[in-house]
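Reading through the structure tokens given below for one structure.
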Amino acid sequence: MTTLQNDTFLRALAKQPVAHTPVWLMRQAGRYLPEYRAVRARAGGFLDLCKNTELATEVTLQPIDRFGLDAAILFSDILTIPDAMGLGLYFAEGEGPKFTRPLQSEADIAALEVPDMAKLRYVFDAVASIRRALNGRVPLIGFSGSPFILACYMVEGSGSKEFRQIKTLLYRRPELLHRILSTTARAVTAYLNEQIAAGAQAVQIFDTWGGLLSDAAFAEFSLAYMRQIIGGLTRESQGRRVPVIVFTKGGGQWLELLADSGADALGLDWTANIGQARQRVGHKVALQGNLDPAALFGTPDSIRAEVRRILQSYGAGSGHVFNLGHGISQHTDPENVQALVAAVHEFSAQQAG
């Protein structure tokens with residue numbers, strides 16, 4: 001594999017000195033980019049795009065080409081694993097992902113198995129293709145959903161506002177939820193290791209709905225399984241450490257617990273104070289975040305002000321990867337993203353001296 005020309009992202013995750021704070025964006029390849037919309041229209045649908053190696057590679061590189069970001073992230077979806085488990089993933093226009101065969105009975109849950117990773121070959125092929133196409137420009141991030149967020153979709157059958165089904169299962173039949181989570185955790189571990197083998201240089205676990213849980217339930221039903229995954233991951237590839245980032249949206253109250261999970265970095269949503277978070281976790285982990293995605297609806301000047309505020313709050317020294325506090329909105333003006341990236345690079349370089 002080609003030597004990295006820009007390893008700032010990996011160095012920041014390792015808390016090594018950097019000339020500027022690296023920046024990438026969750027959902028950086030997406031509908032806010034006209035070039036992405038054009039490719040998606042050619043593909044015929046979201047899943048078709050995910051399963052087309054050439055097109056998935058093309059859209060992954062689009063934001064790298066346009067903005068000069070410091071890392072690329074695999075273009076895929078968090079629900080590929082339950083789809084490979086046979087739950088029948090599909091995307092209803094304007095309604096988001098759904099499953100034709102959600103887990104609705106004890107028998108469904110008992111039959112759940114770790115899928116053959118060959119069913120996910122299209123993901124690993126995309127990783128290898130993207131890595132080749134990047135040609136060492138920036139590192140490539142692989143990812144998965146956490147067992148808890150995957151279980152939410154698998155039980156609810158789609159996204160939810162109340163999460164009534166999953167929480168009923170949690171409190172009424174916790175042993176069944178543990179069965180789902182245990183199986184899914186083993187699947188996620190195998191899935192991420194295959195991504196690393198294919199060329200992913202860092203991985204992120206998206207625990208987007210972990211913040212919905214009570215304090216005790218988070219430790220038992222989300223954190224415990226993420227610890228299990230992290231403990232089973234390949235942590236070195238091609239002579240370099242493969243860092244793990246954990247992003248629990250709404251998880252600011254659990255930073256100390258998350259810092260002890262074995263992860264190299266924690267993603268913060270926009271409700272967290274990054275300076276206080278740094279004080280709380282000390283030198284255990286790097287931090288990633290945490291601009292409010294809605295700040296990108298502002299002006300270039302207001303975006304620059306928010307960038308400066310977050311960088312100043314984090315303070316001097318490495319260990320910070322700039323990102324949003326959640327995925328970028330499809331309604332974002334790409335010019336504002338360009339302003340964001342330029343501001344992060346400019347102000348952080350000044351701060352680094």
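Computation of the quantities below employed the complete heavy-atom set of this structure, encompassing side-chain atoms and omitting hydrogens, waters and symmetry-equivalent molecules. Quick note: residue numbers are just sequence positions, from 1.
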Practice task
Given side chain to side chain contact (heavy atoms under 4.5 Å, CB included), test Ile245 with Val203 step by step and report yes or no.
Solution key: CA-CA 6 Å; Ile245 307 164; Val203 293; over 6 Å; no

Exercise for the section: Taking atom CZ of Arg164 as the centre, report whether more than 12 heavy atoms of other residues, nucleotides or ligands fall under 6.0 Å from it. Expected result: no

Handout entry: Cation over ring face, Arg278 and Tyr314, 6.0 Å, 45°
Key = yes

Practice task
Evaluate the side chain to side chain contact (heavy atoms under 4.5 Å, CB included) criterion for residues Trp254 and Ser261: first the C-alpha distance (whole Å), next the side-chain angles of each, then the deciding distance (0.1 Å), finally the verdict.
Solution key: CA-CA 11 Å; Trp254 300 310; Ser261 67; over 6 Å; no

Practice task
Mark yes or no for whether Asn323, through its side chain, and Met26, through its backbone, hold a donor-acceptor pair below 3.5 Å.
Solution key: yes

Practice task
Could you check if a side-chain atom of Thr80 sits within less than 4.5 angstrom of a side-chain atom of Tyr191, using non-hydrogen atoms only?
Solution key: yes

Practice task
Answer yes when Lys119 and Asp83 have at least one side-chain N-carboxylate O distance shorter than 4.0 Å, and no when they do not.
Solution key: no

Problem - Within the 6.0 Å centroid threshold, strictly below: Phe67 and Trp24 - result: no

Problem - Residue pair Arg304 / Ala343: nearest heavy atoms and the distance that separates them - result: CG-CB, 3.8 Å

Practice task
I would like to know whether Phe322 and His320 meet side chain to side chain contact (heavy atoms under 4.5 Å, CB included); could you show each step before the answer?
Solution key: CA-CA 6 Å; Phe322 203 101; His320 181 203; 3.8 Å; yes

Practice task
Taking only Lys NZ, Arg NE, NH1 and NH2, and the carboxylate oxygens of Asp or Glu, determine whether Lys167 and Glu162 approach each other closer than 4.0 Å.
Solution key: no

Practice task
Work out which heavy atom in Ala126 is nearest to a heavy atom in Leu74; give both atom names and the distance.
Solution key: CB-CD1, 4.0 Å

Exercise for the section: May I ask whether Ile149 and Phe91 are part of the same hydrophobic cluster, defined by side-chain heavy atoms of I, L, V, M, F, W, Y residues being less than 4.5 angstrom apart, directly or through others? Expected result: yes

Practice task
Look at the rings of His20 and His345 and say which category their plane angle falls in: under 30° parallel, 30 to 60° tilted, over 60° perpendicular.
Solution key: perpendicular

Fill in the blank from the handout: side chain to side chain contact (heavy atoms under 4.5 Å, CB included) with Ser76: of Val123, Leu120, Leu49, Val127, only one passes, and it is Val123

Practice task
Answer yes or no: is there a donor N or O on one side and an acceptor on the other, between the side chain of Arg179 and the main chain of Leu112, under 3.5 Å?
Solution key: yes

Handout entry: Check: Asn6 side chain, Val138 main-chain N or O, donor-acceptor pair, under 3.5 Å
Key = no

Exercise for the section: Keeping the roles fixed (side chain from Thr332, backbone from Ile328), state whether a donor-acceptor pair exists under 3.5 Å. Expected result: no

Exercise for the section: Flag this pair as yes if the NZ/CZ of Lys98 is under 6.0 angstrom from the six-membered ring centre of Tyr90 and inside a 45 degree cone about the axis; otherwise no. Expected result: no

Handout entry: Side-chain touch Ile274/Leu287, heavy atoms, less than 4.5 angstrom
Key = yes

Practice task
Please check if any side-chain donor atom of Gln288 sits under 3.5 Å from a side-chain acceptor atom of Gln204, or the reverse.
Solution key: yes

Practice task
Could you check Thr234 against Leu192 for side chain to side chain contact (heavy atoms under 4.5 Å, CB included), going step by step and ending with a plain yes or no?
Solution key: CA-CA 9 Å; Thr234 302; Leu192 290 178; over 6 Å; no

Exercise for the section: Could you tell me whether Arg280 atom CZ has more than 12 heavy atoms of other residues or ligands within 6.0 Å of it? Expected result: yes

Exercise for the section: State plainly whether the residues Arg42 and Glu54 are in salt-bridge range, i.e. N to O under 4.0 Å. Expected result: no

Exercise for the section: Give a yes or no answer on whether the side chain of Asp70 reaches the backbone of Phe9 with a donor-acceptor pair at less than 3.5 Å. Expected result: no

Problem - Sole candidate of Lys15, Lys284, Arg235, Arg11 that passes salt bridge (charged side-chain N to carboxylate O under 4.0 Å, His left out) when paired with Asp264 - result: Arg235

Handout entry: Any Ser222 side-chain heavy atom under 4.5 Å of Leu213 side chain
Key = yes

Problem - Rounded distance [0.5 Å steps], CD in Glu256 versus CG in Leu266 - result: 10.0 Å

Exercise for the section: First locate atom CG of Leu176, then atom CD1 of Ile109, and finally report the distance between them rounded to the nearest 0.5 Å. Expected result: 4.5 Å

Exercise for the section: Would you confirm whether the ring centroid of Trp209 sits within less than 6.0 angstrom of the ring centroid of Phe148? Expected result: no

Handout entry: Donor-acceptor under 3.5 Å (Arg40 side chain, Gly45 main chain)
Key = no

Handout entry: Closest heavy-atom pair and its distance - Ile81, Ala187
Key = CG2-CB, 3.8 Å

Practice task
Go through the steps for Glu175 and Arg173 under the test salt bridge (charged side-chain N to carboxylate O under 4.0 Å, His left out), then give the verdict.
Solution key: CA-CA 5 Å; Glu175 76 282 4; Arg173 296 294 305 276; 2.4 Å; yes

Handout entry: Under 3.5 Å: donor-acceptor pair, side chain of Gln5, backbone of Asn135
Key = yes

Practice task
Anything under 30° is parallel, anything over 60° is perpendicular, the rest tilted; go ahead and classify Phe247 against Phe206.
Solution key: perpendicular

Handout entry: Same cluster (ILVMFWY, side-chain, under 4.5 Å), Val321 and Val18
Key = no

Exercise for the section: Would you kindly say whether Thr53 and Ser129 are connected by a side-chain donor-acceptor distance under 3.5 Å? Expected result: no

Exercise for the section: For Asp108 and Arg101, run salt bridge (charged side-chain N to carboxylate O under 4.0 Å, His left out): C-alpha distance rounded to whole Å, both residues' side-chain angles, the deciding distance at 0.1 Å, then the answer. Expected result: CA-CA 9 Å; Asp108 291 339; Arg101 294 176 293 279; over 6 Å; no

Practice task
Would you confirm whether Gln28, through its side chain, and Leu25, through its main-chain N or O, come within 3.5 Å as a donor-acceptor pair?
Solution key: yes

Handout entry: Carboxylate-amine/guanidinium contact Asp125 Lys51, below 4.0 Å
Key = no

Handout entry: Side chain Gln351, main chain Gly315, donor-acceptor under 3.5 Å
Key = yes

Practice task
May I ask you to check whether over 12 heavy atoms, not counting those of Gln253, lie within 6.0 Å of atom CD?
Solution key: yes

Practice task
Could you check whether the rings of Phe46 and Phe75 sit parallel, tilted or perpendicular, using 30° and 60° as the cut-offs?
Solution key: perpendicular

Exercise for the section: Would you check if the side chain of Gln201 reaches a backbone N or O of Leu140 as a donor-acceptor pair within less than 3.5 Å? Expected result: yes

Exercise for the section: Using a cut-off of 6.0 Å, state whether more than 12 heavy atoms not belonging to Glu113 lie near its atom CD. Expected result: no

